[in-house]
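Only one structure is covered here, and it is reproduced in the block below.
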Amino acid sequence: MRHAPHAAYSISRSRALLASLRLAVLSFLADPQWLVPSMIAPVIFGLVAYELFLGSGPWFVIYAILGAGMMSMWGQTLYGSGWATGQDRELGTLEPTLSAPTPYLYVVFGRVAWNTVSGLLGGAIVFVVVAVTYGHPLPIVDPVAFALLFAVVIVSLASVGIVLSAAFVYTRYAGFIQNVGEFAFYVGTGCMFPVVLLPFWTTPFALIFPPTWALDALRYQAIPGYHGLPWGFAWDLLGAVVTTSAYLGAAGAVFRRVEHRVLEIGDLSDY
Amino acid sequence: MPREENRTSFWRTLWVNAIFAPRTSLGFMRVDFVLGTVFIIPFTQMVFFAFVAGLAGNPGSSVAFVVIGNAVATVTYSSIFSVCQTTDSEKQAGTMEHLLVSPANRFALYFGRGLIPILISLATVTVGLSYAVFLFHAPLAPGALVSLAISVVLTSFAMVGFGLFLAGVALYLRTSIILGNIFLFLGLLLSGTNFPLASLPLPLQWAGNLLPLTWAVTAVRASMAGDPLGTLLPLWGLVSASAVASVAVAVVFWETFERRALATGTIARF
């Protein structure tokens, strides 16, 4: 009998997650034009970077693709997940969702899961556009390793998205952080250039973000002679796994704290 | 015809819309957004492209070239993205029908909404160019300040005019976000912001020449380089022409879509 409530909670949580995922998919299918805003900037940034790197050697096309692909996934995961919280607040559904027995984290997980998939789709579109513009076979030495490490980058991005989603429950400045902080994040994670080019004092800040590690590892794998963070590929990969795990672990704690806090204050419905 | 004393004057409509639109229908107009648009976005965007240009080492796209281009291009947030949302915000709020049946002068009604964005655009380009000169050491010719100021003012008018044009198109659309996003970033590719326009295929160069941002960036670069009046005047003419053309086409769109909205009764719905 003691286990019954836990089993019920478990079903409730998985149902909430699946329902959230289903709703995210249906909302996307009902209005797929939302892929366009998050795609335009990355495709254009990819083409601009391609033009800038033109004549700098075949490996630089990888910079354009990785950077723009990451921008696309960033757009989908952060905008999709974070904005959903803002919309909940605007439509007045955040309060009932948070006061439901199922933790809000599972609702966010469902959205992030779909946004990660659609982010991948966006990344693939960026990849194709830049590759077609390049007009030659891409110089990818090991496509399988490239794809696996690309997946690591996506998960690392999603972990940031989840933590920020929690923070966005707390703040009414989600839109501000997303829009104004966008380029700062691209600079801080070195999404289109090695992060070691930034001033030395910025490195500790850059290393806080899991995608910094994951992208550096991916470049070590994809670009021969790449000079990134001094500790090299293996430590980069380990750093990516550790920071991503830390973010995912922190996300649960942050969500619990945020949920308690907002229920105490009771001002969630204020927009 | 309403009696003369009941008619709202042109100037009152212009002023009321200038004051109220930033609080109601324009996007990106909260104080935090405005401060971010003026001070943070130009800096972070310029740093991003400066590092990319530095890594690429492309002689046609030096860091100075790129930072000046991006200092001007960041104006699109306050001019295009903000202004083009004015019509679909009205639709979303359910106030478009009331607006369409009001006797207010349409030019005053819409252009008034662009006045505050023009001021914010002025501030954005000025701050961006200050970053370019003082932080990135972009060259500024002695005695170029007056011509630069003229270029910046014309740029702000032209870009807001283009935003109003997109708002006119958005009157027919369900949402302007797609348009706003397209033109927010398209300029980075087609206007010579980050590399000379000549390096693009010819059809894209033609498309780029239709954007006010292209001429604005060229005029600002020429002003900063201290080019003579003979070079600057045609560029200023082109920036002004793009502003006038944008607003003129916007007026035509508003009139056309308003007639259609009144005839069908559906366009004003969100």
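Naming: A, B, ... by sequence-line order, numbering from 1 per chain.
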Inset, instruction - Just say parallel, tilted or perpendicular for the rings of A:F193 and B:F51, cut-offs at 30° and 60°. - result: parallel
Legend entry - Top of B:L190, B:L200, B:L189 for chain A proximity - count of heavy-atom pairs under 4.5 angstrom: B:L189
Inset, instruction - Could you tell me which of B:I41, B:T193, B:L184 has the largest number of non-hydrogen atom pairs under 4.5 Å with chain A? - result: B:I41
Inset, instruction - Take A:V48 and B:F195 through the side chain to side chain contact (heavy atoms under 4.5 Å, CB included) test and state the conclusion after the steps. - result: CA-CA 8 Å; A:V48 169; B:F195 46 83; 4.2 Å; yes
Inset, instruction - Report yes if the side chains of A:F53 and B:V52 come closer than 4.5 Å at any heavy-atom pair, otherwise no. - result: yes
Legend entry - Pairs of heavy atoms under 4.5 Å with chain B: top-ranked of A:L54, A:V43, A:L198: A:L198
Inset, instruction - Quick one: pull up CZ in A:F185 and CZ in B:F48 and give me the separation to the nearest 0.5 Å. - result: 12.0 Å
Legend entry - Gap separating the CG atom of A:L47 from the CG atom of B:N194, nearest 0.5 angstrom: 12.0 Å
Inset, instruction - Take A:F60 and B:L55 through the side chain to side chain contact (heavy atoms under 4.5 Å, CB included) test and state the conclusion after the steps. - result: CA-CA 9 Å; A:F60 281 92; B:L55 177 67; 3.8 Å; yes
Legend entry - A:F183 and B:F43 aromatic centres sub-6.0 Å: no
Legend entry - Stepwise side chain to side chain contact (heavy atoms under 4.5 Å, CB included) test for B:T44 and A:Y186: CA-CA 9 Å; B:T44 51; A:Y186 296 156; over 6 Å; no
Inset, instruction - Kindly say whether A:L52 contributes a backbone atom to a donor-acceptor pair with the side chain of B:N58 at under 3.5 angstrom? - result: yes
